[in-house]
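Naming convention: chains lettered A, B, ... in sequence-line order (proteins, then strands); numbering from 1 in each chain.
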Amino acid sequence: MSEIGLHMYLCLAALLFSSGLFVVLSKRNAVFVLIGIELMLNGANLVLASFSQIDLNGQIFAIFSVVLTVCEVAIALAILLNVYKKYATSDLDDLQEIGNG
Amino acid sequence: MNLEDQLTEIINNLQFLKVESTLMLGAILLLVGGMITKSGILIKSVYAGVILLAFYFNWQGLAVGSTLSESLFLTSTSQHFTAIFLLSSLIILLYKRADEHATEFYFLILSLIVGSLFIMKANSFLVTYLAVELTSFGAYILTNFSFKKKAHEAGIKYLLFGALSSAIMLFGFGLIYGISGSFYLSELGSFDLELVGNAGILMMLFGLFFKASIVPLHVWVPATYQEAPNDATAILSIVPKLGALVLIQRIYSIVQSEWILNLCLILGMLTILSGVLSALRQSGARRMISFGAIAHSGFLFPFALILSETSIQAFWWYAVAYAIMNVAVFYFLEEFESRGLDRLEDFSGLGDNNPIMFVSVTVLLISLIGLPPVAGFTAKFFLFTTLWEQYQSDGQLIFIACLVVAVFATVISLFFYLRIPYYLFLVKEQTSRSIEFSFWTKFIATLFSIVLLLLFFVPQILTVMQQLLKSTP
Amino acid sequence: MILIVQIALFIMTLLGVGIIVLSKNVVHAAYALALVLVSLAGIYVMLNSELLAVVQILLYAGGVVILLVFGVMLTNRLRNGKLLTHSGNTFVAALISVSVFASLLYLIDKIPLMSLGNSEAGNQIGQLGVSFLTDHLVAFELIAFILLVALVGASYLAKMSSDE
Amino acid sequence: MSIELLILLVLFSPLIGGLIEAFVRKGSGLIPSVFIGLSFAISLILLFVTDSPEFIRWEWLNSFLIGIQLDKTATILLLLVSFISLLVHVFSMVYMKEDPGVNRYFLKLGFFTFSMFGLILSDHMLLLFVFWELVGLASYLLIGFWYRKEGVPSAARMAFMVNRVADIALFAGILLLSAQVDSIFLSELSGQWFLLPSLLIAIGAFGKSAQFPFSGWLTKAMAGPTPVSALIHAATMVAAGVYLLYRVSPFLHESVMTMIAIIGAVTALYGGISAMTQNDLKKALAYSTISQLGYMVLGIGVGSAGASMFHLWTHAFFKAGLFLAAGSIIHYFHQLSENGGQAIDSQDMRRMGGLKDKLPVTFWSFSICGLALAGIPFFSGFISKEGIILSSLVWAGQKGTLAYLIPDIALLTALLTSFYIGRMFFLIFLGEPRRTIKQSQIVYSEAAAIRIPLFLLAAGSLWVFYNWNPMAHVSWVNTYFDLGSVPEGNFFSAFITLVAIFLAAGGIVLAYFLFKPGARTLRTYTTDTRSVSILGRNVFNGFYLTQSYQGLGLATYIFSKKLAWADKKIIDGFIHFFAVGTVVLAKVVDLIDKLIVDGLVNLSARIASFFGRRFSGVHSREAQWQLIWLFIGFVLILTWILFF
Amino acid sequence: MENILSYIFLFPLLIAAVMLFIRSDSTGIFKRLALAATSVQLVLSLFLFFQFDKSTVISNWADAFQFVEKIDWINMKLGSVGVLNIDYFIGVDGISMPLIALSSLVLLIGVIASWNLTEKTKGYFILYLILSSSIIGCFIALDFFLFYLCFEFMLLPMFFLIGIWGGKRRSYASIKFFLYTLVGSLFILVVMIGLYLSVVEDGANTFSLIGMMNGSYSSDSFLDPASGKTIFGYSARAVAFIFLLIGFGIKLPMVPVHTWLPDAHVEAPTAISVVLAGLLLKVGAFGFFRILYGVFPDMAVEYAGTIAIIGVLSILYGGLNALAQNDLKRMVAYSSVSHMGFVLVGLASMTSEGAAGSLFHMVSHGLISPALFIIAGVIYDRTSNRQMENFSGLAGKMPVYTFFTALFFFAGLGLPGLSGFVGELMVLLGVFKTTSLPIWIGLLATSGIAVSAAYFLWTIQRMFFGKYFVREKEWESRMIDLDLREKLMLVPLGLLVLILGIYPRLILDVSESTINFFTQHIANSIP
């Protein structure tokens, strides 16, 4: 078979997930972190889509998840807007006011 | 089955969505109402009406088993916990809340509850995921609702954690789905999940751990609880947490694998320990209580993993006690914070000032520690009993370990919970301040402590309540 | 042919990911994300998930990326005319990511082989539509409510931020 | 009146008298004296009406009987105690008249007498122990009577503590015994006891009777008022140990009996030597008492308990007499110092002298009692002491050669005894007053309350009351003590008697030569405190004819000095060291308590807070670090699931 | 008078509830109400004491209890455990009867001791009355849950009473106290649950202590002696026993878990020290009687040696520590440790003499130690100081005070004729009589008496004898002899100490049949 097999898709998904994770953990900018999360979610979606060969449920799940992601990003940006307003930065490092004392 | 039959059946089964539908429609009604009027009282009464109606429906309707094309799975446990959610969301009306954000606030609270109800009742992966996300969205937004600087910080952090854990969860669903081809929780038990499936379940559980604030997904709790408005925090600390635990209980009852038990109990112990140990060093009242709430998740956790009848009932009992304690404790914090009492030192020597209020607080804190004669003790007592009994029946040492950790943590929790009464009564006041509370506040405070005492002395109230829920008309 | 397309899509995706990981500029990253998303849409098509691909392009590539770019614009000060960010904990982050990746690969390796592309092309959209209103009615209802919540929440928050 | 009632009357009337004196009608001791008199009278009646032992028993603890008995021994001892107590009460009426605490004093005295009666009447060993302790308490209270004076409180405490330690042994012995034998009623004792209880009980007796090495407390006890010393620390309480040994001696383990004999002998010698160089009047008498108690214990050890009890009886008379005489002397000097307005040490014998004319009754009674003590024929001491020496000889004959040390020591002590009492006599009464006091201004005469007791006690020290034969060694009193007989006299015994008389007389003569009025020793005695060098001057300027005597005397003198020092330093010191050591140990234990036991608690708190800190790292403010923590957890768990 | 026990138990609570509704600025009323409440309590318990039937024949633990009241309290279905049945189940036997009488007396005296309190009287007396009820409750509870409730509920009032009204380091002391005893009670809680799951009565699991003591285990349950279950390789019963030993040992207190006691005593106000020493320690000891020995007689036999050694250690260690103290109250506190050691030794002997002696010693110590704390309080009230070296020769200045001090000191050091002696005597009789303990234990325990004499006498010498001296000039004017209030507290205690010393059967008769059954119960468990 000349086509790329299921496993390759899954590996791509894993790669997306892990590199998203790397971005989340290492980039300071909140938007960047969001991008990382998007990557991770896409990785997960890819898993679902790959398995949607069994029945349609996988695809449906993925569609719903895309919708949810959009909502999430919208909320995140709304909050980020507020944060920027108050902190004048969107670097997570600079958000360190909450703590003991 | 042809489409027509399917649709008819769905229409027939829609009645099982009565509670959720009521809440959702009520939420929309609230939103619409908010456009018409800014009157806080009106909004609150609509909210109360919706909750009461939902409560009525919850009391009325009971079906056990899967329904709506297996999307949902109803159990009596979920019905009981629905009652807890509704009641506690009713109680938060006692909190002071300016009319300014009332519409959106109560709308989001309702959405949060809907989400949690679906978490408990979800059967298909999709609904589970959506319910978790719905709950999270409500929670993310509510965290910002004090519109203070730090609130947004807490909000964005909460959201990032949440999104991450939902990504993990989604990946987990993908794996389970891929390996089993199944799309329903109730079918999990009928497959050999093997390694991949187990990893998927683990990743799925991570998402639930996040909701239930179990180690290591508890890190968002202190910041969120600290910065969200108090009434929102009360709900956040009760509703999603219990919902997730109920779902974990159901998942475990389906899968029942050894490793889940061990993993969860170990994480439960870690949760307890990390909660109490971290709380030791806090100097802000609310932050300390937040860590206490983490510890309580750990205390609640074993119930979800022990499937004896005792455990199920004790779970309900502990949950009720926990709900009442948390609603009460955040009520008090609200009252104190509005008078500038944030840090523990601020409480110095206030004990004489307003005995009724502060004695009630002390009663409440004792209950949180788990000492007699208040409900918290009975709850802990049931926890210990459950663990003992489970150990007695299957002899796994991990239950004893859990018991030891729980006992040990109870001692430590003495240290930090008691610091508030310590400052109140034992530390002498440097400058004389006068803190006044309204009669109404004092009345509510007393009521809370009376309820806590009553639950200790007449614990059967709750079983009777359970019975009442069961004997639907 | 299909293989070439597939490989191209894979390469595009990897390219996008690489840019995101290595870039310091948020805007570049956002564009790279768009690239990744579009390529993924292509991959979905390869996986016989056309509706998903459509949704991906419409919502993700169209919605999310634009939102993100706006987000970047609204919430970042320019540094030397560029939207640069720095990163930290790179080593630990890389370590964790690599170990996660390794674990996932290990898992994937355990998944039994399945052949692709044997699903009936048929009336997939129709089936999906029916399934939305039957099997996944609750989810459908729920997502509607979630959209409402997100809408109300996000707009309210945004409003509050601009009010002050 | 039934005998039970009489017994109870005897027992309680001193206490009632004391209570009335202290709380109801505060007088100067008349009422307590009357009540004691009542006890004495009843005792006298009891002596004649009691044929067979009387028992009173009651259930004190559940199914645990205790009781009292009145047998012959008890009656005669009751008589003795009540008699001496009566005299001391009367004496005290004058002696203590001006003391502000006189009412308290009589209460304590009454309490003591009550306890002593109880001790004598006890049938059950536990009851005996009860009164034993009460007697000790009374002694403590009376020694500490002048609690404000320097050294008095610590003296009282030391006396009580030394007693207490021995009492613990007795207590343990009794308890051990109660578990091993059927009955611990004194009247029902039987069999041979095991070593441990025997030993413990003997140790208890040694404590109360000031035997070596417990003797130290008795000299300390002299801090109390002198009449008290006469009653408690000479006549009655200290004899309680002897009494107990008398009661249990037939049942004691054999080796313990030998030990008793040895301890008695050692104590007798030790007391005698120490008494020789004392300057303090009461100290000298105290050492003498120790020595005499040693005799009694020795007697019990050699199996002639009856003889010991007889010596107890006679000793009670002459030693009480001596103490009361001492009290009279001290009282005299007190009067002098109060009237003359100058503080003087009223007990230093070196500064006395010439009191013969000032205190004639005292002089005569002291002489008689002193002769009795010295063991001169025609006085009671001779008869009783002879019994003990003879018994020890007989005993030694049965035991073997080495055992002859015991009678030898007894004889040697007889010499020492007469020497020191002679020395005291000469120092106090003869010659000129070695003290410059304007005595002429004061007219002092001995009050009747002083004269009568002295007279009676002196009279009681004469031989006639005991046996018409002045050379006998038994008397009618012996018939009241039917445990342990006194051997019959024979030629050998007559020889020994002669030796004893010779020794006694020799001692007095020796003392006369050293301390006669005008003797060189005395001239510098008052001023020079370096007594060894005084003796050195004696050697060269004095009696060089008896160089060898002097050499021996010097050695003895130096040795006695050393012994006194040793007594003070080593035995007291040992007790002191023991006390200090205990305190040090206690401090160390306290430190351990603070550091380790508490330390553990604090340590665990510290550990808890350490972990608290580490955990709060998870809750650091940096969101991404939290995420990293989260994923470390995730990876760990995942790995666990995957690979295990 | 049918529910007399309930009246004794609940009357103070009722009065406390009444106090809640009185305005807190009317200070005088609270102490009077508290006095009334405790007086009524005392009268009722004296009535009970003399009504108690001493001659019952006991063949079963159920026979031992009189004035039994049993009301269903909590009755809820709890899953597979069945019905969670907790009863309001109270009664007295010969062991608890003397302690109840003692408690009501000491509590009354405690009220008198706090008569001069002016600060926050309302809170103080409410807490005090709650404390009284809990103490009595511990002694009369026949339901383990009820017992535990009362046991635990003594902590909180105590915590606040020490923490709010205490001395300089009160917060440290109160937290230490709370921590220690909470740890102890959690140990007990765990065992309690285990017992509940193992003991059945009438076919249902039960908290009934009678059922537990009678040993009606459900077959093959965890703590059933016959089942031979183990935890970590140790016999389950042994583990439970050790847990209880620690739990009640902390309360007792036994060495080495005693260090909370000196701190708590020193910092507590006089009245609270009185209650603490007089009663709370007795609750710990009562736990030994009722639960350790009552429910686990087989383990008690097995661990007799351990308990005896701990007891002897407590006696000597406590005594030596007391000797080292300069603070009067601290000295008394350590002496309590020493004295409670006798209770352990007596119990370990497992003879009726030893057990009765332990009980008697508890009562006797319950009279002596409150008095000693009152005595320490007298000097503290006058000078705010308790260091022994700051005082000397008080005997001349304060003769009545000195008299009482000496009386109670001598009672403490076990002088015959006073109650302290009887307890020690009986304990030692038991120890020497039993065959299960070596002789040296008895000898060491006896030597403890000498140690106690040493520290008491030394204290008398230092503080009361010698030349009159007080450290500060300003104290001079305050060194007055006992006033009426103080005499009112000390005289009854002194009289009782004397009476019990001479006529110990006042207590012993009451407890005789129960104690005999108790020892027989232990003896029966020896296989």
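Contact of D/Arg164 with chain E is made through the side chain alone, with heavy-atom distances under 4.5 Å. At a 4.5 Å heavy-atom cutoff, D/Phe131 makes no contact with chain E through either its backbone or its side chain. Heavy atoms of D/Val152 lying under 4.5 Å from chain E are absent altogether. Looking at E/Ile439, only its side chain comes within 4.5 Å of chain D, counting heavy atoms on both sides. Using a 4.5 Å cut-off between heavy atoms, E/Phe421 touches chain D through its side chain atoms alone. D/Ile174 does not touch chain E: none of its heavy atoms, backbone or side chain, sits under 4.5 Å away.
In this structure, D/Arg57 forms a cation-pi arrangement with D/Phe185, its terminal cationic atom sitting closer than 6.0 Å to the ring centre and no more than 45° off the ring axis.
Of the residues considered (D/Glu59, D/Lys149, D/Gln180), D/Glu59 shows the highest number of contacts with chain E, using heavy-atom pairs under 4.5 Å. Of the listed residues D/Leu134, D/Leu137, D/Asp167, the one with more heavy-atom pairs under 4.5 angstrom with chain E than any other is D/Leu137. Contact count versus chain D (heavy atoms, under 4.5 Å) is highest, among E/Ile460, E/Val431, E/Leu443, E/Asp509, for E/Asp509. Of the residues considered (E/Phe360, E/Tyr455, E/Phe410), E/Phe410 shows the highest number of contacts with chain D, using heavy-atom pairs under 4.5 Å.
Panel note: side chain E/Ser352, backbone E/Asn516; no donor-acceptor pair is recorded below 3.5 Å. Panel note: side chain D/Tyr147, backbone E/Phe464; no donor-acceptor pair is recorded below 3.5 Å. The backbone N or O of E/Gly341 sits nowhere less than 3.5 Å from a side-chain atom of E/Ser314 that would complete a donor-acceptor pair. Remark: side-chain polar atoms of E/Ser511 are paired, donor with acceptor, to backbone N or O of E/Leu508 under 3.5 angstrom.
Here the two rings, on D/Phe129 and D/Phe171, have centers that are under 6.0 Å apart.
Note that the OG1 atom of E/Thr519 and the CD1 atom of E/Ile515 stand 7.5 Å from one another [nearest 0.5 Å].
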